There are 2 protein chains.
Amino acid sequence: MADHAPLELERFLPYRLSILSNRVSQAIAREYQDRFDLSMTEWRVMAVLARYDGEGLSASEVAARTEMDKVAVSRALTRLVEARRVSRRAHDGDKRRSVLRLSAAGWKVHDTVAPLARAHERSMLAQLSADEQRALLAILDKLAPV
Amino acid sequence: MADHAPLELERFLPYRLSILSNRVSQAIAREYQDRFDLSMTEWRVMAVLARYDGEGLSASEVAARTEMDKVAVSRALTRLVEARRVSRRAHDGDKRRSVLRLSAAGWKVHDTVAPLARAHERSMLAQLSADEQRALLAILDKLAPV
DNA sequence: CTAAGATAGTTTCATCTGAAACTTGATTCA
DNA sequence: TGAATCAAGTTTCAGATGAAACTATCTTAG
């Protein structure tokens, strides 16, 4: 029994990372879910469409840029289009592709949610020293390069 | 259009954290899922039972120590008990409570998976400098204290 | 050209998840 | 006591998820 070397979950890095990540994401998500009936998946799709506005991304480009699978993106888009937050038309010259854009209503939601998300990010960083903030960015760059 | 200030998802900390956390957790989980038909939930339950061996934890103590909800724990335990990896008996003096322990088979699985998990953790840390490793621990202590 | 293969996106299916309701047993307090 | 409340754990239900199959379209090799 002495030689089992049990894993100490509360010191195990992957576990701690997942706890932290879930807490942070859910704190943000809870707000926009209540206020806008918007899932995290949907929000990420909207954020990418906002960022690459004017390019008329296709669904698979959205999937690539959000690191979500195409099924999740397809379903998020169905809801977003139904809610008139995203417009979808067919691509000239390739009828398989869709051309996606935020609608005016979509932009309105985005312009409320984005500052809210950034505020959460700031309050998270505010708990860290300047050195730790720098280190965190360096760590993320090394472990999960974009 | 210029003043929409879109969120840059790929620089947004909560997003990057969730990408990193998912990648790390899934890399480990994939191994023990294939080899032992063990979900991440089940593994976490086993890890906690291993760590607090001899105390005969109840299901809600397991839930508290894994930060999972009681429904998830209940279901994981059903599977673990069926697979004879965990033994469950009633608590003397409180028939609501269960007393949970890893079985010999459970320990055998634990003793294979724990080193495997630790190896993943080590290879993750190995990508960071000593300073960054220290900083990561400090950051986790501040942002998600145990 | 056209058959074979690749790509975009949706649907299906089986599983996972969490909130709420429920069951059983313990506790409290009048 | 015994009614009301509380705690442990399970079940139910409704939604989320992801792999695989499928449809439609486009590309390429012969």
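When reading the values below, keep in mind they use all heavy atoms of this one structure, side chains included, and skip hydrogens, waters and symmetry mates. The shown structure was predicted, so the numbers you read here are calculated from the model rather than taken from an experiment. Each chain gets a letter, A, B and so on, in the order its sequence line appears, and its residues count up from 1.
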Sub-3.5 Å donor-acceptor pair from the side chain of [X] to the main-chain atoms of [Y], do we have one?
X: Ser60(B); Y: Ala63(B); result: no
X: Ser98(B); Y: Leu100(B); result: no
X: Gln26(B); Y: Arg23(B); result: no

Which nucleotide, [options], lies nearest any side-chain atom of [X]?
X: Asp94(A); options: dG9(D), dA26(C), dT25(D); answer: dT25(D)
X: Arg88(A); options: dG18(D), dT10(C), dG18(C); answer: dT10(C)
X: Arg96(B); options: dT10(C), dG9(D), dG25(C); answer: dG25(C)
X: Ser74(A); options: dT10(C), dA26(C), dC26(D); answer: dT10(C)
X: Val71(B); options: dA19(D), dG9(C), dT11(D); answer: dT11(D)

Please report, rounded to the nearest Å, how far the [atom2] atom of [N] is from the [atom1] atom of [X].
X: Asp37(A); N: dG15(D); atom1: CG; atom2: P; answer: 11 Å
X: Asp69(B); N: dT17(C); atom1: CG; atom2: P; answer: 10 Å
X: Gln33(A); N: dA14(D); atom1: CD; atom2: P; answer: 19 Å
X: Leu77(B); N: dT10(D); atom1: CG; atom2: P; answer: 7 Å
X: Arg97(B); N: dA7(D); atom1: CZ; atom2: C1'; answer: 8 Å
X: Gln26(A); N: dT17(C); atom1: CD; atom2: P; answer: 13 Å
X: Glu42(B); N: dT15(C); atom1: CD; atom2: P; answer: 14 Å
X: Arg75(B); N: dA14(C); atom1: CZ; atom2: P; answer: 18 Å

- Query: On a plain distance test, is the side chain of Lys70(B) in donor-acceptor contact with the base of dG9(D) below 3.5 Å?
  - Reply: yes
- According to a strict under-4.0 Å criterion, is Ser60(A) in side-chain N/O contact with OP1 or OP2 of dG9(C)? yes
- Which part of the nucleic acid, if any, lies within reach of Thr78(A) when heavy atoms closer than 4.0 Å are counted: base, sugar-phosphate only, or nothing? nothing
- Fit a plane to each ring of His110(A) and His4(B), take the angle between them on a 0 to 90° scale, and name the class: parallel (under 30°), tilted (30 to 60°) or perpendicular (over 60°). perpendicular
- Query: Just by distance, with hydrogens left out, do Ser123(A) and Arg118(A) show a side-chain donor and acceptor under 3.5 Å apart?
  - Reply: no
- Contacts of Ser58(B) and Ser39(A) projected onto DNA chain D by closest heavy atom; the upstream (5') one is Ser58(B)
